[in-house]
Each structure stands twice: as structure tokens, then as C-alpha cells.
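To start, the structure under review is shown below, and the notes come after it.
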Amino acid sequence: MAYDLSRRAFFGAGMAGLAGCASAGMTSLTAEAQGAFPPSPSTSGMFGPEEGLAQLSRNENPYGPAPSALKGISKAAEAGAYYTSMRSTAALQKLIAERHGLDPAQIVITTGSGEALSALALMNGPKGPILAPRLFWDTTALYAANLGLAEIQRVPLTSDMEIDLPTMEAKATSDIGMVQLCNPNNPTGLVLPGSVIRPAVERMAAKTTVVVDEAYIELADDPDATTCIPLVKAGHDVVVTRTFSKIYGMAGIRVGYTISSEETAEKIRATAMSWTPCTSFGGAIGCYNDEGFLKMSRGKIVEAREMVTSTLDTLGMEYLPSQTNFVYFKSGLPAEDLRARLAEKKIAIRGQYMDYTDLSRVSMGRIEDVERFCRALPEVVGA
Ligand SMILES: Cc1ncc(COP(=O)(O)O)c(C=O)c1O
């Protein structure tokens, strides 16, 4: 059942175990150092998933790229002999700025939002620790940490797997290099409403830079009421990152962006490492305002999510109420066992995160692939 008292008690029990380990000085250093997102076993064909595989492990969206994006990619590819034009950068900045009532100079386009988040970790890590929830998309913070340029301070989640904002606020002093939050969070899928996250972020931003990773926000029930962009507009030290990899279904095309003050935008531009390909701009400009596609894309993801949660309900399995394209659930099997049993049926889901042994994450994919997961789940758990 989603997010009821029994779920709270259920997940609470799991976390109590972890808290017990921590208080006994037994927190697994391996889990912390490895992070939440170690590379998963390869399930790829040359391009996209291998033939016959239900690819439900990477939070991709197979309903993209939109035809409007493909048209732009193809047009840009024809001019692939030439470096990306500043005009295409300016055009995409303008589109994004117009939607949010910002100045185009406040937008930095990057090669996926991962590049932006890496740049932010490199910029701010040397100033002091990166303060983050224990479980979040930590790949870019670890990138800086592994280079010796950042230390990650992780704040345990609450007993119901929410980000513990009050504790984060208490720790967000001016000695912190940056605070990093992911809203909605990955892999929990939980969202902090704007009325909760915004005041906390505003207070933390008075002390240090706060980065809010909004990779999945277009899939939240009410993106406008959830986003921290109003804090950027109000002049707070906040950076919002977004991506074309999720609702736009362009994970392989690599386009992301930051929204910040102009001054911070300059620093991000100077720190980012790659030149985003012209094809990425062609795709992103082509589909940014393609409302028909966005409606279809979101509709398919929600349809798949409802199929998954209704299967979990039928099987009496508990899960967190997701506002993303993935669901974090407890099957009754260790996460690695469930992953392996489904892999035998050519269904790829994510394995264990850190030391959360009994929680599994399944991503939404093509409806027929999600159907395969829903049929296979009772078989592999022996229900
Ligand atoms: C929360 C979150 N942020 C950022 C990213 C990076 O996405 P990309 O670099 O494709 O924009 C991911 C990837 O899955 C993610 O889950």
C-alpha cells in the first residue's frame, strides 16, 4: 500500500536497522563510498536495449525523442561538420528563459544535467563539504569526491524515507560548500511540495549555495508548485538543474541546463567541460515546447506507473508513492535476488542501493515491457 501508516511502520523498521548500525559505529563505509548509483550490469545493444529485453532499470523514457526532436536532430546532424553555433545555444536559452520569466543569461546549457551537477560539485566542493541526503543521485558529488575535490556529508533519511530537511537545515552552515537536494528524489520517487522545500531552501541559501536537481519535476503532480525556480528569481543563492533525459525522452542525446543568477551561470559555464553537440541543440529546440508530445509522454509514464502500483497492491507489496518514472518497492526478496530472477526473464530492473538490501527500483518503460514486469513479478517471488 502506498504511503499509509503501515508503509511508514514498514519502511521505518528498515531504517531503524540502519540507524542501529550507525549508532553502533557499524555504518558501512563501502556503501557510502560506493554511493547509491554504482554502474549497473550492461543491458545494452549497440543503440538502446538489446533485442527482447524489457529495459526498466535506468529511468529512461522510451516514448522519446519526439518527432519534433528527431527533425531537429537530423537537420543539425547535416551540419555536423561545424562546431555548435552560438545561435543555437542562444535560441535554447531564450526558449527556456521565456517559459520561466528569466533572463537568457541565467540559463547554462550542458551535456546532460549530469555535466552541470559535476561542474557545480567541482566549483563548490573545494569550499567545503557537499551536504546531501543519504540517498540521492550522488554520481556527480562522488565524481568530485573521487578526484579529492569534495567531501560528501550525508544526512540520514527520515523513518519514512523522506529527506530530513530540518536536520539538513541545522547542518547547512557557511562552512558547507553546497547543499544538494534532488526533488523528486531518486531512487525514492518522493517529492517535497514547494510549500515545504522552498522555505527551507531559502533559509539554507542564506548560508551557502543550494543546488536543487529537478530532473524528474515535469513528472510531479504539480511542477509549478514544486519547483525552486521562484527562489532563483527572488535572488537567493539557489541553482536549479533540469534535463531533457526524462519527460523529453532524450537521455542518449545529452541535454541539460541550469537556472541560476547570471553571476553563478558564468562560473558554471567556465567549469563545464564539454561542448554540447549541435544535434543535442537540434533535438532540444525542436521539442522544448511540443505540448502534444509532452502530454503523451507524461500520460504513458503515468499509465505504466499505475500498472505497476496496482500490481504491487494486488501482491500486497509496499512501495513509496512516486511522482517520477520509477517506483521503489519491497518485494519480500533481497533486491539483488529479485534483479537476478527478473534478469533471467530478460527484464532489467535496478539492484540494491547502498545497504538498502530489501528495496528494489523499477523504471517505467514501454507499456508492453511494463506488462511483462507485472506478469513476471508474482512468478519470481512465488506469489
Ligand atoms: C536525479 C537525477 N539527476 C540527474 C540525472 C542525470 O541525468 P542527465 O545527465 O541525463 O541529465 C539523473 C539520471 O538518471 C538523475 O536520476
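Residues take their numbers from the sequence shown, with the count starting at 1. Remember, it's 1-based here, ligands and their atoms both numbered in the order they're listed.
- Under the 4.0 Å criterion applied to side-chain N and carboxylate O atoms, R154 and D138 are assigned as salt-bridge partners.
- When non-hydrogen atoms are compared, ligand 1 lies under 4.0 Å from the side chain of Y216 (C-beta onward) but not from its backbone.
- Cation-pi contact between R361 and F329: absent, since separation from the ring centre below 6.0 Å together with deviation from the ring axis within 45° is not met.
- Looking at R242, K246, E214, it is K246 that brings a heavy atom closest to atom 14 (O) of ligand 1.
- When heavy-atom distances to ligand 1 are checked against a 4.0 Å cut-off, A215 comes that close only through its side chain, counted from C-beta outward.
- If you look at R58 next to ligand 1, there are no close heavy atoms at all, none under 4.0 Å.
- Side-chain N/O atoms of S331 and S360 include no donor and acceptor closer than 3.5 Å.
- Ion pairing between a basic and an acidic side chain is recognised when a charged N comes within 4.0 Å of a carboxylate O; K94 and D103 show no such pairing.
- Y328 has its ring centre no less than 6.0 Å from the ring centre of Y356.
- Residue-to-ligand polar distances keep E115 apart from ligand 1: every N/O pair is separated by 3.5 Å or more.
- Residue contacts with ligand 1: N59 is placed with no nitrogen or oxygen under 3.5 Å of a nitrogen or oxygen of the ligand (distance criterion only).
- The protein atom (non-hydrogen) at minimum distance from atom 7 (O) of ligand 1 is S113 OG, 3.5 Å.
- Scanning the protein for heavy atoms near atom 11 (O) of ligand 1, the closest one is T243 OG1, 2.5 Å.
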